[in-house]
Amino acid sequence: MIVKTPSKVILFGEHAVVYGYRAISMAIDLTSTVEIKENSDKIILNLNDLNKSLKLNLKDLKEIEPNNFGDFKYCLCAIKETMDYLNIEPKKGFELNISSNIPISCGLGSSASITIGTIKAIGKFYNKPLKDDEIAKLGFSVEKKIQGKASVTDTSTITYKGILEIKNNKFRKIREDFEEFLKSCKFLIVYVEKRKKKTAELVNEVAKIENKDEIFKEIDKVIENALKTYNKEEFGKCMAKNHDLLKKLNISTPKIDKVVDIGNKLGFGAKLTGAGGGGCVIILVNEEKEKELLKELNKENVKIFECKMVY
Ligand code: PMV
């Protein structure tokens, strides 16, 4: 049994969302894959990309503390939470093979993707498939247990797919007609550089900016306009405008700005996505200039991923 799970990007409103303004997130087709198969009395976890394996006795599962298991912590916590929720007495063991083409630690929700994939796989394996609402709740609870603090952005976007508006840690699906428009858009996710700071550090630095509220209000206006346009050129301009405002929050870097400039020149528009301090840029592709865009990006020693919205 194989479960494929998307990842996510923040299209607009990162950081503003911490202060009760909205952010817009979108599920994308960079995916993680969880394969589950029967194994008599053991739980075997294989993280194929990291070349790491873990073997546990089924009967020990109840006692373990996932946070002590390094790279396996999300997956183990997802297994425990799901089995508890479904009241499954662990009698039948399993092997989970996990792989992913989602760049890690750069705001694309790679751990949320694996968490949601594991929850779904466990439900299916024990013949108790879960509803989206249950999956999203379990996913959020796993992120909270592992990270201490979590936002619904990653787990909800990855569970419900399409595009969501996030506000005050609640979410709603964006109108179907707007989803239709986004279906026709092709994006590039460009992994530019390793993040120099963690999300929490960047959030703390933004907190010290005096005129941040003015900037967030501007970002909110950009979002209002972006959601009214069904035109790629206009939508790209909104992305560029959001990036300019993020620059005022000091979370961009020279390398990120350079890639954004290329995206604005040879695509419809670009911005950094996520907390900043490095990480990824999202570019809305203008197919007429795509070859030139790729040529310029390739000079920058970056990793390029083509992606589309998943719905
Ligand atoms: O950690 P990331 O890159 O997924 O970004 C989080 C987005 C922020 O708005 C900066 C923080 C948050 O909790 O919403």
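Note that ligands are numbered from 1 as they come in the structure, with each ligand's atoms numbered from 1 the same way. As the structure is a computational prediction, the values presented were derived from the model and not from experiment. Just so it is clear, the values below take in all heavy atoms, side chains as well, and ignore hydrogens, waters and symmetry mates.
- Salt bridge absent: E193 and K255 never bring a charged side-chain N and a carboxylate O closer than 4.0 Å.
- Aromatic rings from F12 and F235 are positioned such that their centres are separated by under 6.0 Å.
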Taking distance alone, no hydrogens or angles, what donor-acceptor pairs closer than 3.5 Å link side-chain atoms of residues 120-131 to residues at least two apart or in another chain?
unit_1: Y126; atom_1: OH; unit_2: K92; atom_2: O; d: 2.7
unit_1: K128; atom_1: NZ; unit_2: L86; atom_2: O; d: 3.0

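- Taking the ring centre of F268 as origin, the terminal cationic atom of K237 falls outside the region bounded by 6.0 Å and 45° from the ring axis.
- Residues satisfying the salt bridge (Lys or Arg N to Asp or Glu O under 4.0 Å) criterion with E233, sequence neighbours excluded, are absent altogether.
- Listed by chain and residue number, F178 satisfy the ring pair (Phe, Tyr, Trp, His ring centres under 6.0 Å) test with Y230 (two or more places apart in sequence, or in another chain).
- Listed by chain and number, K8, I10, E14, H15, V17, V18, G107, R195, T199, G274, A275 each place a non-hydrogen atom less than 4.0 angstrom from ligand 1.
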